[in-house]
Asker: 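Input: one structure, supplied below.
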Amino acid sequence: MFSLNNVRFNNILDIKHLKIPSNKVTCIVGESGSGKSTLLRLLNNLISCDSGEISFNDRPLSTINSVELRRTIVMLPQQPVIFPGTVKDNLLIGLKFAEKPLVDEEKLRQILRMVSLSKELYEDSDKLSGGEKQRLALARVILLDPEVFLLDEPSSALDEETERIIVEMLVAYTKDTNKTLIMVTHSKKVAKDYSDNIIEINQGKVVNYTEDQV
Amino acid sequence: MISVIDLQLWQMIAAYVFVLVLMLITKLKGIPREKEILIASVRMTIQLILTGYILVYLFDAPSPLYTILILMIMEIFSVYNIIKRTKTAISPKLKQIIAFSMIIGTVSCLLFFLLVVIQISPWYDPQYFIPIAGMLIGNSMTGISLGVNRLVDGMQKQKYLVEGALMLGATPRTAAKQIVDDAFDSAILPTINSMVGMGIVFLPGMMTGQILSGISPITAIEYQIAVMLGILGSVTLTVILFVQLGYKTFFNEQQQLKI
Ligand SMILES: Nc1ncnc2c1ncn2[C@@H]1O[C@H](COP(=O)(O)OP(=O)(O)O)[C@@H](O)[C@H]1O
Ligand SMILES: [Mg+2]
């Protein structure tokens, strides 16, 4: 689905060849500062590579309308972005940005349950803790129902048990709905336990690519 | 017509005694601003005297060429001033947009007010053209200046929100909407506020000047109303042009945020 050829970005990333398959769970691991977030930003076309080419379904990203692309491939940034307003505002704003039909409150509550966030819809989102904000931002991305999820450390601010629950839910959801999940994680254990493929990055280079036969 | 007291030179000088007293007070209070007060007062005096003589000259020999020349000088000065007043460095493209918005916005409003509302003849009559142009341009300059700072500041401080919106599939227009709206509000708010307080809280400068120089308050007010509406139109138009074109300079053709 994604295919990268001789991709360079500043002196942060240098990837000769990389393919990321569709309908699979792919985890990206590597030390902090190795370029994982930069790779996701490139895939979302938030930044462009200096040389080389990134294709999505055999089309170079530069030829795809970026807004359309970002509605197909939704990215969750490492630092959760919370807009001023309530929990409900924050869930609905994604649908508004992507120009998708709004949903009723029952649906919103269901999504909050999916990410184990027991907060009222009318709670001020500014008062949430870091981990709660992270799950709210994740819920908003799930609500958008994209083909591809690009998640940058979606569980970094969570305790180990909640992290497990969330990742398990994400993997099950991706499999059930036949979607693609590309996820950066700081935990090699999470990567091993849940992913079909693991991409390991070190100092901007892919040093290991493991394809599990699940 | 009511007789007008023509101020003599010594009377003008007497007005300066005020400034001297003011400087003395700041000096005694240890506020290090006496130099600025002096420079501002002297500058204002010289600029106004020069303008006065230029206006007398122009009024005596009206010419479309001179009127247009003065208009151009005012536009150039105002654009230069806006750019100089920005708090942070801005892109060349944004500077072009400032100039474009200022010129299109003020000139179209100016022509509408002079030719359709006041119906001056000839169209370049400097007695009307120049002071009204001055007021429209001056107020629009202040408006855009506020708008530029708010837009640039908003884009930098709320960069992560804008990018967060892009990641959720927003178009650049939607992603920047809040910042664009804020910049617009802050730019036209002073004009709106001054309209609300007008005649009650203060008498506008132009009207005061006219009344002092012997024109009937009713005539002065008629002009004031026309000019205020012209200012409102001009400020609004220039600022809308600026923010609507300006936010785009923060994105590239790949709909990526450039800062
Ligand atoms: N906008 C940027 N400009 C310049 N350097 C950056 C930028 N963003 C990240 N970097 C640098 O790129 C490297 C990789 O960063 P990042 O992709 O965030 O790594 P990771 O997500 O693996 O921790 C780091 O050295 C970081 O300092
Ligand atoms: Mg990172």
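A note on names: the letters A, B, ... follow the listed sequences, proteins ahead of strands, and every chain is numbered from 1.
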Asker: Quick check on Gln156(B): does its CD atom have over 12 non-hydrogen neighbours (other residues, nucleotides or ligands) under 6.0 Å away?
Answerer: yes
Asker: Just wondering, are more than 12 heavy atoms of other shown residues or ligands nearer than 6.0 Å to OH in Tyr80(B)?
Answerer: no
Asker: Please determine, among Val74(A), Ile47(A), Leu144(A), the option with the most heavy-atom pairs under 4.5 Å with chain B.
Answerer: Ile47(A)
Asker: For the atom pair CG (Asn45(A)) and CD (Gln255(B)), what is the distance rounded to the nearest 0.5 Å?
Answerer: 9.0 Å
Asker: Non-hydrogen atoms of chain B under 4.5 Å away: do they reach the side chain of Ile82(A), the backbone, both or neither?
Answerer: backbone
Asker: Are there residues of residues 164-174 of chain B whose heavy atoms fall under 4.5 Å of chain A's heavy atoms? If so, which?
Answerer: Gly164(B), Ala165(B), Leu166(B), Met167(B), Leu168(B), Gly169(B), Ala170(B), Thr171(B), Pro172(B), Thr174(B)
Asker: Could you tell me which non-hydrogen atom of Arg70(A) sits nearest to which non-hydrogen atom of Gln254(B), and how far apart they are?
Answerer: NH2-O, 3.4 Å
Asker: How about Gln79(A): does its CD atom have over 12 heavy atoms from other parts shown lying under 6.0 Å from it?
Answerer: no
Asker: More than 12 non-hydrogen atoms from neighbouring residues, nucleotides or ligands closer than 6.0 Å to NZ on Lys179(A), yes or no?
Answerer: yes
Asker: Sort Thr72(A) into side chain, backbone, both or neither according to what part of it lies under 4.5 angstrom from a heavy atom of chain B.
Answerer: neither
Asker: Is atom CG of Asp58(A) surrounded by more than 12 heavy atoms (other residues, nucleotides or ligands) closer than 6.0 Å?
Answerer: no
Asker: Looking at Glu68(A), I'd like to know if its CD atom is crowded, meaning that more than 12 non-hydrogen atoms belonging to other residues, nucleotides or ligands lie closer than 6.0 Å.
Answerer: yes
Asker: Mind checking ring pair (Phe, Tyr, Trp, His ring centres under 6.0 Å) for Phe97(A) and listing every partner two or more places apart, or none if nothing turns up?
Answerer: Phe83(A)
Asker: Is the number of heavy atoms from other residues, nucleotides or ligands under 6.0 Å of Gln110(A) CD greater than 12?
Answerer: yes
Asker: Can you name the nearest heavy-atom pair linking Glu163(B) to Leu46(A), along with the distance?
Answerer: CG-CD2, 4.0 Å
Asker: Would one find more than 12 heavy atoms of other residues, nucleotides or ligands at under 6.0 Å from atom CZ of Arg164(A)?
Answerer: yes
